[in-house]
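Beneath this line is the structure, given in structure tokens, with notes to follow.
Just so you know, these numbers come straight off a predicted model, no measurement behind them. Scope of the values below: all heavy atoms of this structure, side chains included, with no hydrogens, waters or symmetry mates. Lettering of chains follows the sequences in order, A, B, ..., and the numbering in each one begins at 1.
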Amino acid sequence: MTGMSSIVKTVTRWVSPFIFAFGIYIALTGHLTPGGGFPGGVIIAGCFILLTLAYGKETTFGLFNLESSAVTDSLAALAFLCMGFLGYVFGGGFFNNFIQSGFPGTSFRLLSGGNMPIINLAIGLKVGASLFAVFAYLALFRAIEED
Amino acid sequence: MLTYLLAFILFAVGLYSVINKRNLIKIIMGVIIMEHAVNAFLILVGYRMSGEAPIVEEGVSISEFLSTAVDPLPQALVITSIVISLGVVALMVGLAIRLYQHYGTFDITEIRKLRG
Amino acid sequence: MLPLFVAIPLGVGFLLPLIEEFRDRTRLFSLFVLLETGGLLALSLIKFGDKGIYRMGGWAPPFGINFVQDGLSSLILVVISGIAFVTTLFAITYMKEYENLGKFYGLFSLMLAGMYGVALTGDIFNMYVYLEVAAISSYALVGFNRGAEEIEASFKYLIMGAVGSVFILLGIALLYGSVGSLNIADISVKVSELPDDSFIVLSTALFIVGFGLKAAFIPFHSWLPDAHSSAPTPISAMLSGVLIKVLGIYALARLLFNGLNLPGIAPSILTWIGAGSMFIGGMLALGQKDLKRLLAYSSISQMGYITLAVGMGGILIGQGKPGIATLALMGGIFHLVNHATYKSLLFLFSGSVEKIFGSRDLSEIGGLNSVSPVSGAVGTIGTLSISGVPPFNGFWSKLVIVIAAIWGKLYPLAGIILFTSAITLAYYLKVQRQLFMGKSTGNVSESVKTSAGLYIPLLILAICCIGLGLLYLPEIRGIVLKPAALALQEGSEYTKLVLGL
Amino acid sequence: MVLIQVFLVFAIIAALVAVEAPSALSSIISLGAVGFGLSIAFLWLGAPDIAITQVVVEIVTLVILIRATIARGVTEIRGNESKTLLIGSLILFGLGSAFFANYLSDFPEFGKSAMETFSNPASQFYLKFGLDKAGGPNIVNDILLDFRAFDTLGEATVLFAAILGAITLLNRKVFVDSGEEKQ
């Protein structure tokens with residue numbers, strides 16, 4: 001798989017950074033607008049899947065390969081768990097929103113969510129990395145099968 | 001009542017596919033359809049007539065919001081259940097591919113090595 | 001302290017695959033998991049007998065998720081931790097030659113986290129989520145050998161498990177639509193306030209089907225023998241020993257007794273499903289030649305005993321005989337503990353037999369007593385316990401269940417229990433005659449015969465099999481089993497504990 | 001209300017096509033139609049979060065399914081059902097729907113959510129205090145990440161376990177020394 005025509009490649013090159021940024025935006029502002037970590041993460045994964053389809057897996061895997069997606073996956077999951085633990089340590093219980101109480105009266109802003117944007121970002125990265133890992137594994141598995 | 005029943009019919013279509021079809025992909029599709037039906041049912045349960053999305057807008061009073069917003073809890077549950085079903089589907093497809101690699105087919109009748 | 005039961009295994013489960021990406025250190029992983037399960041066992045023993053709730057994020061019960069510890073969940077925590085610890089001890093030696101141990105132990109820890117979550121949670125949807133965590137990890141673990149049969153068993157298990165989960169979720173949706181709450185204690189209050197509880201019946205039916213698929217009750221059992229015999233041996237021990245109990249009968253009993261206040265005919269349905277599983281599972285086990293498949297069918301049969309006892313407890317509560325109901329529930333819980341120990345023992349034993357002879361087919365192997373006396377003795381203890389021979393623990397729990405059935409004037413059930421016990425004895429006698437006595441066949445692996453890593457966990461479980469008979473003594477029973485039975489029986493206590501009314 | 005029913009009927013028809021169509025491509029596309037039809041219905045039902053999530057998940061599911069079948073050269077997926085099972089399942093379906101319809105008539109009417117019918121339900125609390133106590137105007141996300149964050153941890157774990165499992169099962173190397181695939 002070496003990729004598609006140059007039109008597809010050019011369009012993908014222009015569009016994919018925006019898709020990535022859009023995914024991050026959807027994830028970060030989940031507590032303000034519809035969306036959240038999960039759709040954001042899927043959009044991030046979609047960005048990398050698009051790159052893989054357009055450029056072929058050799059090029060894309062140079063950028064973001066299976067090992068790095070597995071590492072991101074684990075690290076983001078651990079970050080999520082750590083937010084729970086920090087709530088346990090600093091707040092009133094596991095997953096207490098301990099940052100939020102530090103910003104009273106800032107409703108409708110990014111900061112007003114306390115630790116929600118952080119958790120959302122962690123979920124977004126986790127979901128993006130794991131879905132990309134599945135896609136990459138399916139692609140690789142087929143390559144092995146054809147040998 | 002009729003609306004709920006439609007969700008149940010969707011559920012039944014999925015169940016029919018899981019029980020009757022002899023093809024791994026059709027069985028996976030049946031499970032996906034059943035999960036869709038349950039998600040739709042949960043959202044229907046939380047709906048109130050001419051309700052609005054449960055998102056507070058600036059300048060809207062809390063009492064007005066309370067009288068128009070739909071039930072947010074089922075929606076949170078559905079997001080969780082959608083993610084869970086995506087995980088299940090990923091695992092199912094991975095297993096189906098392994099089976100295809102072993103037997104060269106998605107047809108269950110040719111796969112059955114284990115019986116009873 | 002309670003969230004640690006979920007948080008620690010989750011952390012380990014996330015961490016091990018991460019470490020594996022950088023460095024594959026099999027021994028390090030095993031010790032890490034051993035430390036984890038040992039720590040959790042210690043924690044569950046320290047916390048044993050405590051009562052209390054933990055509010056997640058500090059939100060009060062009907063609004064947030066809460067963890068509940070009462071007599072029953074204390075006992076279940078000890079059972080999960082104990083079996084997990086022994087299984088890990090066995091896996092250190094048994095899984096040595098496998099690749100990807102970081103992923104194996106990672107999935108193992110996640111499965112553990114899911115089971116702890118189900119055992120502790122007081123929220124019905126949270127129960128579903130953690131049930132899925134445990135179930136999905138177990139689907140992947142069943143296929144860990146990655147042969148054609150293992151993958152097929154895993155797929156079968158996955159499809160039936162997924163259908164079961166969807167039924168449970170539909171039941172939760174109906175329940176939410178009819179009472180507007182997800183907290184088990186709050187549901188119990190609202191159900192008792194409802195003018196008529198007819199649509200609770202619908203949720204109950206869906207729950208029985210859904211959890212029945214997870215617990216492999218008889219019409220829904222077809223995945224279990226494949227899955228439990230295909231899984232790597234330590235996982236078979238976990239699946240048969242604790243997973244089907246926690247995900248199946250424990251969760252169902254929690255919902256029916258503490259959440260739905262035992263609607264109408266549900267206890268008698270449960271009882272007859274239990275009786276059917278017990279009898280048919282036993283009959284099917286009689287015809288098996290593969291040792292692991294025989295053990296798997298026997299698990300279906302033994303789950304039937306537990307289900308029958310729990311259902312019988314429900315019937316007796318409905319008839320207004322609380323004393324005998326407590327006895328029946330105590331019998332069921334006692335049998336659950338006993339089955340966890342001797343079925344894990346037998347599965348681990350079957351793994352060591354497979355290592356010694358290179359086969360599990362009962363017609364090909366034999367003469368274990370002369371080949372490996374330790375293994376033979378341990379296996380004998382396991383088979384005698386499960387078939388209910390007096391000094392061992394299996395006898396006492398069956399005795400309690402039979403006594404409860406006779407005192408409760410449910411004579412047909414007592415008859416079925418006694419008859420099934422005879423069948424159980426018959427097929428384990430067959431195992432004994434062929435496996436322990438018999439003639440020793442060729443190619444016996446010498447290294448396994450002396451491997452301490454495989455025998456120490458077996459010996460621990462064998463000692464438990466003898467020692468757990470002591471739970472029958474009234475003093476010990478009053479501390480361990482009675483609080484667990486009363487936790488199910490007295491729904492108002494549970495509500496009081498959670499909502500603080 | 002009628003619109004919602006129309007979308008549900010559309011989803012049912014698409015599901016039937018997905019289940020019965022022999023061609024892999026039309027079957028998978030119909031499955032996508034079920035999801036997209038439902039996501040539009042979710043928009044009408046006041047659930048934009050779910051609609052977005054449903055759409056993106058549907059796309060990923062379709063990509064995975066197409067990767068598994070059509071990209072592998074499998075263009076026909078016939079059901080091959082047996083006649084006895086078909087009759088049995090029709091009887092079962094009849095009994096089941098009679099059972100459902102019987103009990104569903106006692107169920108609260110459509111359009112009256114549980115939070116209106118019962119006193120002191122959790123949802124009212126979330127709507128009332130979500131903005132102040134959790135800090136986000138999107139109440140669904142407040143529930144997901146604050147009130148019931150522990151559920152979300154479980155959900156992330158499910159995805160993690162599923163992906164870890166899929167990767168483990170797709171990996172061919174089972175034993176350390178042999179390096180051969182177990183057959």
Could you have a look at [options] and say which one has the most heavy-atom pairs with chain D under 4.5 angstrom?
options: C:G180, C:G177, C:A135, C:S181; result: C:G177
options: C:L141, C:L202, C:L101, C:V6; result: C:L202
options: C:V129, C:V179, C:I151, C:L10; result: C:V179
options: C:S178, C:G64, C:S137, C:G57; result: C:S178

Side chain, backbone, both or neither of [X] within contact of chain D (heavy atoms, under 4.5 Å):
X: C:A205; result: side chain
X: C:L174; result: both
X: C:D123; result: side chain
X: C:I65; result: both
X: C:L110; result: side chain
X: C:Y128; result: neither

How about D:F160 and C:P17: do any of their side-chain heavy atoms sit closer than 4.5 Å?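 Touching, per the 4.5 Å side-chain cut-off.
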For residues D:T168 and C:F104, determine if any side-chain heavy atom of one lies less than 4.5 Å from a side-chain heavy atom of the other.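 D:T168 does not reach C:F104 side chain to side chain.
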Does the C:Y139 side chain pair with the main chain of D:A162, one donor and one acceptor, at a distance under 3.5 Å?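 Flag not set: sc C:Y139 to bb D:A162 has no pair under 3.5 Å.
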Do you know the tightest heavy-atom contact between D:A122 and C:F63?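 Smallest heavy-atom distance, with atoms named: CA-CD2, 3.7 Å.
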So which of D:G165, D:G154, D:A149 has the biggest tally of heavy-atom pairs under 4.5 Å with chain C?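 Result: the option with the highest number of such pairs is D:G154.
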Pick whichever of D:I167, D:T157, D:I143 has the most heavy-atom pairs under 4.5 Å with chain C.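 Top option by heavy-atom pairs under 4.5 Å: D:T157.
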Say you draw a straight line from CD1 of C:I136 to CG of D:L164; how long is it, rounded to the nearest 0.5 Å?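 Nearest 0.5 Å value for the CD1-CG distance: 11.5 Å.
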D:F147 vs C:W59 aromatic rings, parallel, tilted or perpendicular, using cut-offs 30° and 60°?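 Because their plane-to-plane angle lies in the 30° to 60° range, the rings of D:F147 and C:W59 count as tilted.
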Over 60° means perpendicular and under 30° means parallel, so classify the ring planes of C:Y130 and D:F150, tilted if in between.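 Plane angle under 30°, so parallel.
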Can you confirm whether D:L90 is buried at CG, in the sense that more than 12 heavy atoms of other residues, nucleotides or ligands lie under 6.0 Å from that atom?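 Correct, the count exceeds 12.
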